Amino acid sequence: MSNLEQTLSIIKPDAVERNLVEEIKDEFKNNNFIIKKEKKIKLEKSDAEQFYKVHETKPFYNDLCNYLSSGPIVVMILEKENGVTANRELMGATDPKNAEEGTLRKKYGISIDKNSVHGSDSLENAQKEISFFFKD
Ligand code: IDP
Ligand code: MG
């Protein structure tokens, strides 16, 4: 049975800064994701704090929010069969050091904070994150 899912992807400041946007979008397209919507934006710190609210008690929360709001990002709605999990698999582990060969974070990530991409971790969070960035 078909299980088409939408998920939220972000190309983070480190990757935008290194001009990797087109290359990373091609990775998604080559892995049969459809980019339904996309926009390049720069967040205010308060936006990043709201987006990463689940992490507010973590020691890295402040740095994380400073980082995500430090430069332009590209946010996308991706669609694919089992899209949420498929995107997490394509991204690889949070820390590029632990990411498997061929994953985006292995290929492009610099460090655990500058790990190039964000992807929703569940269908419920995907829906929340999509409506956070795309209001219609
Ligand atoms: P995820 O992006 O793989 O879903 P999360 O645990 O949701 O990972 O963490 C959100 C982001 O916070 C990560 O992508 C990473 O950039 C950053 N982060 C996670 N754990 C650490 C840490 O221990 N130190 C610094 N940054 C971290
Ligand atoms: Mg996460």
Side-chain angles (χ1 to χ4, degrees):
M1 231 174 52
S2 158
N3 183 42
L4 213 52
E5 290 178 351
Q6 292 190 345
T7 188
L8 187 93
S9 171
I10 303 178
I11 304 179
K12 293 186 177 182
D14 66 276
V16 175
E17 187 174 74
R18 286 176 288 147
N19 294 314
L20 291 169
V21 172
E22 289 309 313
E23 198 170 326
I24 292 175
K25 281 170 58 183
D26 283 343
E27 297 263 8
F28 290 122
K29 293 179 205 165
N30 293 339
N31 283 278
N32 301 313
F33 286 91
I34 294 169
I35 301 173
K36 302 289 285 187
K37 287 188 184 174
E38 67 170 287
K39 59 181 179 184
K40 188 175 184 179
I41 54 175
K42 180 166 177 318
L43 297 183
E44 298 299 327
K45 187 174 180 187
S46 56
D47 301 322
E49 285 170 345
Q50 212 186 323
F51 179 72
Y52 273 134
K53 194 146 180 60
V54 289
H55 294 304
E56 71 183 330
T57 61
K58 309 269 173 64
F60 56 84
Y61 179 63
N62 189 51
D63 287 346
L64 179 61
C65 296
N66 278 332
Y67 172 63
L68 195 69
S69 57
S70 67
I73 60 175
V74 174
V75 292
M76 294 171 287
I77 300 176
L78 302 181
E79 188 176 87
K80 186 182 170 170
E81 196 64 20
N82 302 313
V84 172
T85 308
N87 183 38
R88 295 293 299 192
E89 285 174 4
L90 179 60
M91 284 164 53
T94 304
D95 188 343
K97 284 204 298 281
N98 302 326
E100 282 185 41
E101 221 46 66
T103 61
L104 300 181
R105 283 166 163 173
K106 177 73 176 187
K107 283 188 188 170
Y108 305 112
I110 297 169
S111 57
I112 192 165
D113 44 321
K114 297 184 176 179
N115 60 6
S116 303
V117 283
H118 165 86
S120 311
D121 63 3
S122 67
L123 192 56
E124 189 191 350
N125 284 335
Q127 286 159 356
K128 283 186 193 158
E129 292 177 1
I130 286 169
S131 39
F132 182 83
F133 285 110
F134 298 94
K135 303 286 180 206
D136 44 305

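As the structure lists them, so they are numbered: ligands from 1, and atoms in each ligand from 1. FYI, side chains are in, hydrogens and waters are out, and symmetry mates aren't considered; it's all heavy atoms of this structure. Numbering of residues begins at 1 and proceeds along the displayed sequence. The structure displayed is predicted, hence computed values, not measured ones.
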Between Asp26 and Asn30, a side-chain donor and acceptor under 3.5 Å: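 The criterion, which ignores hydrogens and geometry beyond distance, is not satisfied for Asn30 and Asp26.
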Distance-only side-chain donor-acceptor flag, Lys80 / Asn3, under 3.5 Å: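 On atom types as modelled, these side chains do not qualify, holding no pair under 3.5 Å.
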Under a 4.0 Å threshold between the charged nitrogen and the carboxylate oxygen, would [Y] count as salt-bridged to [X]?
X      : Y      : value
Lys107 : Glu101 : no
Lys53  : Glu49  : no
Lys12  : Asp14  : no

Cluster overlap Ile73 with Ile24, hydrophobic side-chain contacts below 4.5 Å: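 The answer is no; the residues belong to distinct hydrophobic clusters.
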Aromatic plane relationship, Phe28 with Phe33 - under 30° parallel, 30 to 60° tilted, over 60° perpendicular: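 Geometry flag for Phe28 against Phe33: perpendicular rings.
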Residue selection (non-hydrogen contact nearest atom 3 (O) of ligand 1) among Thr94, Val54, Asp95, Asn125: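 Answer by nearest heavy atom: Thr94.
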Element-labelled atoms of ligand 1 that are located less than 4.0 Å from some non-hydrogen atom of Asp113: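 Counting atoms of ligand 1 from 1, those under 4.0 Å from Asp113 are 16 (O).
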Close-contact set for ligand 1 against His55 heavy atoms, below 4.0 Å: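 Going through ligand 1 atom by atom, the ones under 4.0 Å from His55 are 5 (P), 6 (O), 7 (O), 9 (O), 10 (C).
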Validation row, ring centre Tyr61 to ring centre Tyr52 under 6.0 Å: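 Between Tyr52 and Tyr61, which both carry aromatic rings, the centre distance is not below 6.0 Å.
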Identity and distance of the protein heavy atom lying nearest [atom]:
atom                    : answer
atom 2 (O) of ligand 1  : Arg105 NH2, 2.9 Å
atom 22 (C) of ligand 1 : Phe60 CD2, 3.5 Å
atom 11 (C) of ligand 1 : Leu64 CD1, 3.7 Å

Ile112 N/O to ligand 1 N/O under 3.5 Å: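 Among all N and O atoms of Ile112, at least one is under 3.5 Å from an N or O of ligand 1.
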N or O contact, His118 vs ligand 1, cut-off under 3.5 Å: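 N/O-N/O distance under 3.5 Å: no.
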Check: Glu5 side chain, Val84 main-chain N or O, donor-acceptor pair, under 3.5 Å: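 Yes; at least one donor-acceptor contact below 3.5 Å.
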Asn115 and ligand 1 - part of the residue with a heavy-atom distance under 4.0 Å: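 Side chain only; the backbone of Asn115 stays clear of ligand 1.
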Residue portion contacting ligand 1 (non-hydrogen atoms closer than 4.0 Å) for Lys114: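 Neither part.
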Quick one: does [X] get within less than 4.0 Å of ligand 1, heavy atoms only?
X      : result
Lys12  : yes
Arg88  : yes
Asp121 : no

